[in-house]
Number of protein chains: 2
Amino acid sequence: MRLDPLDERIVACLLDDGRASFAEIGAKVGLSAPAVKRRVDKLRQNGAITGFTAKVDPRALGWTTEAYVELYCQGKTSPTTIKAGVAKFPEVVTAYTVTGDADAIVHLLAADMKHFESVLERIGAEPYVIRTKSVLVLSQLLDRPGYASPAES
Amino acid sequence: MRLDPLDERIVACLLDDGRASFAEIGAKVGLSAPAVKRRVDKLRQNGAITGFTAKVDPRALGWTTEAYVELYCQGKTSPTTIKAGVAKFPEVVTAYTVTGDADAIVHLLAADMKHFESVLERIGAEPYVIRTKSVLVLSQLLDRPGYASPAES
DNA sequence: CCTGAAATGAGATCAAC
DNA sequence: GTTGATCTCATTTCAGG
């Protein structure tokens with residue numbers, strides 16, 4: 001799949017404001033509203049755009065503690081097992097399998113430190129988890145909406 | 001700030017579909033469209049909802065390489081310095097200051113391994129950076145839109 | 001304070017070109 | 001790709017709880 005430069009600009013607009021009107025986007029990229037809609041429909045259809053969501057402030061919703069937890073798992077633990085295991089926790093925001101010493105990295109939010117401790121305990125109690133290593137987030141320096149525009153190296 | 005249970009359900013709806021109409025949300029939570037709009041306006045005003053964005057598939061946009069990079073910085077490097085430094089790179093998606101050995105964690109996307117290498121090199125060349133430690137993402141197991149509903153520990 | 005109902009204007013959507 | 005008709009939805013105003 002290839003993205004037209006126009007498509008990229010449309011995606012950039014939608015990353016910046018997911019509720020922007022097609023006419024508004026069209027004004028920025030030089031297209032009419034129906035043309036923009038057709039392109040967005042196509043982008044959604046082929047999976048470039050997977051959906052739309054609100055950006056929320058976790059603190060405002062009562063989540064004051066944020067952490068990255070490295071998971072060290074047993075010899076032959078499949079990604080599927082890890083996925084199923086961490087998906088049980090609503091506190092988990094994202095999870096990845098990674099290279100390096102750890103097998104997976106889990107990004108999670110907790111109401112407070114006590115809550116975080118309990119989540120960490122329960123994740124550590126998962127049968128496939130040998131040990132965990134936590135890094136607490138002090139402050140968020142940057143959070144780009146979606147993913148930035150293509151960059152040339 | 002306190003969130004009404006109704007507000008939480010509205011936020012959940014918007015996390016699920018950031019372009020949902022007020023009438024549609026109202027049908028799910030049992031309110032009229034204007035009532036939903038008023039609550040959403042207030043949620044945006046007080047910062048609980050910071051905006052709306054599209055969810056995109058980085059691979060579809062040409063980003064095939066994803067990594068977390070730990071930054072080890074010089075003795076008294078301020079978060080502001082780190083923020084300004086990493087913000088220059090469009091490849092950086094998120095950045096946090098953290099507890100532990102490293103000073104910051106940077107989440108970034110690159111077109112390919114060659115591109116990643118060049119970004120890593122340039123970040124490592126920042127004057128305040130002593131060394132970096134990279135973890136490459138193998139596969140994404142989970143990516144929850146925004147942040148999940150409140151959980152009790 | 002909150003709600004819902006009605007009116008109005010803006011945007012989404014479809015047809016035709 | 002566009003323009004133009006139509007219909008939905010967003011938004012405002014108003015009245016009631």
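Treat the numbers as computed from the prediction; the structure is a model and nothing was measured.
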task: Assign S21(A) to base, sugar-phosphate, or nothing according to its heavy-atom contacts below 4.0 angstrom with the strands shown.
output: sugar-phosphate
Taken to the nearest whole Å, CG/D41(A) to P/dC14(C) is 8 Å
Check your understanding: Quick one: does R19(A) reach the base of dG11(C) with a side-chain donor-acceptor pair under 3.5 Å?
Key -> no
If the cut-off is 4.0 Å, is R39(B) near the phosphate of dC2(C), judged by side-chain N/O to OP1 or OP2? no
To the nearest angstrom, the CD1-P distance between I25(A) and dA10(C) comes to 19 Å
- Message: If you compare every side-chain N and O of S32(B) against the phosphate oxygens of dT3(C) (OP1, OP2), does one of them come in below 4.0 Å?
- Response: no
Looking at T50(B) and G47(B), would you say the former's side chain and the latter's main chain have a donor-acceptor pair under 3.5 Å? no
If you draw the axis of the six-membered ring of F22(B), does the NZ or CZ of R19(A) fall within 45° of it and under 6.0 Å from the ring centre?
yes
note: D17(A), atom CG; dG11(C), atom C1'; distance rounded to Å ~ 14 Å
Closer than 4.0 Å, any side-chain N/O of K37(B) to the OP1 or OP2 of dA10(D)? no
Rounded to whole Å, the CG-C1' distance (L31(A) to dA12(C)) equals 16 Å
Does L136(A) share a hydrophobic cluster with V106(A), counting links as ILVMFWY side-chain heavy atoms below 4.5 Å and allowing steps through other members? yes
note: F22(B), atom CZ; dG11(C), atom C1'; distance rounded to Å ~ 13 Å
- [ ] Could you walk me through whether D143(A) and K55(A) pass salt bridge (charged side-chain N to carboxylate O under 4.0 Å, His left out), step by step?
- [x] CA-CA 10 Å; D143(A) 189 12; K55(A) 293 182 285 185; over 6 Å; no
| task | State whether the distance check finds a donor on one side and an acceptor on the other, under 3.5 Å, for side chain R38(A) versus base dT13(C). | result | no
